[in-house]
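Before any comments, here is the structure.
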There are 2 protein chains.
Amino acid sequence: MKYTITDLSKKFDLPASTIRYYEKIGLLENVEHINSRRSYDDSHVDRLNAIECFKKALLPLDEIRLFFTYEKDMASNADKILDMMKDQEAKTLDAIDALQAGLTHLKKKIRFYSLVSESVKNNSPLPKWEDVNP
Amino acid sequence: MKYTITDLSKKFDLPASTIRYYEKIGLLENVEHINSRRSYDDSHVDRLNAIECFKKALLPLDEIRLFFTYEKDMASNADKILDMMKDQEAKTLDAIDALQAGLTHLKKKIRFYSLVSESVKNNSPLPKWEDVNP
DNA sequence: ATACAACTTGAAGTTAACTTTAACTCAAGT
DNA sequence: ACTTGAGTTAAAGTTAACTTCAAGTTGTAT
């Protein structure tokens, strides 16, 4: 199956400029140019799927590219890939922990300012932070 | 209690340049300058604590600053603050979801490349992705 | 034939959140 | 008095991941 850049743009909800950028930095390879237009196939769809997954794990684009070069000779590079993935797993877990702490903080603020808002509507005394979040 | 910039730098594990930067962009206010040196007090410690919490929730610095200005008249601004926090709560939850999806992807890669690594050591045939992660 | 939309290129611009640099001041210790 | 180390400033530089721009080309519809 063949795809234009607009096909992929829609499929992955990425601007065409981003897809060209990924090619430029070596994340997308072997892109055919037919009539001076880019033409992609399913290998590129797979690549973009993988890229999106890695991006969700916060892997930087140059690490993603490194992964793809390792992957070409995965027998020799399995251990390097494993290190990379385990490293990133730890970072991703840390990021989740930080987000969860942040979320807890937000929830406290939401609880407190809900009461503040209520008090204002009722002309009643404002709550104190320590009373709401002891 | 009074603190030098180095005290805060150590306490929050932030470079002094970052603390100066936060003052410059209005996140830290009313910093005394004694003998042309910055001198902080507990209100600044509280501020930095709050900033760190919001940063964990991915709130951008200019939103954090906006929060602090709203907070000065919290009775009038409770609803604005609530909107802001609820908005950010949704974004933070989305970010957690994305990270968890990313984590799942990493774990699959780790499973697969562990087997690849084993196979290489045993001179046995390499696994297939579909067999490992069906 | 002509207009138009979609695509092309390389280069420059954008954004957030810092970081670095250069040149300077100041107080304390030897 | 002199050195050292911590702090000061404004301005410029950095990084990642794009995005925008200007100028040109191509295929299709009228």
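Within every chain, numbering begins at 1; the chains are lettered A, B, ... in the order of the sequence lines, protein sequences first and strands thereafter.
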Roughly how many Å is it from [atom1] in [X] to [atom2] in [N], rounded to a whole number?
X: B/Ile25; N: C/dT15; atom1: CD1; atom2: P; value: 16 Å
X: A/Glu32; N: C/dC7; atom1: CD; atom2: P; value: 17 Å
X: A/His33; N: C/dT8; atom1: NE2; atom2: C1'; value: 9 Å
X: A/Glu23; N: D/dC18; atom1: CD; atom2: P; value: 15 Å
X: B/Leu58; N: C/dA17; atom1: CG; atom2: P; value: 10 Å
X: A/Arg65; N: D/dA16; atom1: CZ; atom2: P; value: 10 Å
X: B/Leu66; N: C/dA16; atom1: CG; atom2: C1'; value: 17 Å
X: B/Phe54; N: C/dA17; atom1: CZ; atom2: P; value: 14 Å

A/His105-B/Phe54 aromatic ring centre distance below 6.0 Å = yes

Tell me, please, whether B/Trp129 has B/Lys109 positioned over its six-membered ring: NZ or CZ under 6.0 Å from the ring centre and within 45 degrees of its axis?
->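 So B/Lys109 does make the cation-pi contact.
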
May I ask you to test the B/Lys86-A/Leu106 pair for a side-chain heavy-atom distance under 4.5 Å?
-> no

OP1 or OP2 of D/dG27 sitting under 4.0 Å from any side-chain N/O of A/Asn35?
-> yes

Distance below 4.0 Å between B/Lys55 side-chain N/O and C/dA16 OP1 or OP2 |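 B/Lys55 to C/dA16 OP1/OP2: no side-chain N or O under 4.0 Å.
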
Return the 5'-most residue of the pair A/Asp7, B/Tyr22 with respect to DNA chain C, ranking by each residue's nearest nucleotide.
-> A/Asp7

Given that B/Arg37 and B/Asp62 both sit by DNA chain C, which one's nearest nucleotide is further toward the 5' end?
->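 The 5'-side residue here is B/Asp62.
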
Taking atom types as modelled, find out whether B/Ser76 and B/Asp73 have a side-chain donor-acceptor pair closer than 3.5 angstrom.
->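 B/Asp73 and B/Ser76 do have a side-chain donor-acceptor pair below 3.5 Å.
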
Expected output: side-chain B/Arg38 to main-chain B/Thr4 donor-acceptor under 3.5 Å = no

Main-chain N/O of A/Ile34 paired to A/Ser39 side chain as donor or acceptor, under 3.5 Å |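 Judged by distance alone, no pair lies under 3.5 Å.
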
Taking only nitrogen or oxygen atoms into account, show me every contact under 3.5 Å that the protein makes with nucleotides 19-22 of chain C, one pair per line with its distance.
from, atom 1, to, atom 2, distance (Å)
C/dT19, OP2, B/Thr18, OG1, 2.6

To the side chain of [X], which of [options] is closest?
X: A/Arg38; options: C/dA27, C/dT8, C/dA17; answer: C/dT8
X: A/Leu61; options: C/dT8, D/dC18, C/dA17; answer: D/dC18
X: A/Thr6; options: C/dA17, D/dT8, C/dA6; answer: C/dA6

Could you point out which residue of B/Glu52, B/Glu29, B/Glu23 forms a salt bridge (charged side-chain N to carboxylate O under 4.0 Å, His left out) with B/Arg47?
->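 Only one of B/Glu52, B/Glu29, B/Glu23 forms a salt bridge (charged side-chain N to carboxylate O under 4.0 Å, His left out) with B/Arg47, namely B/Glu29.
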
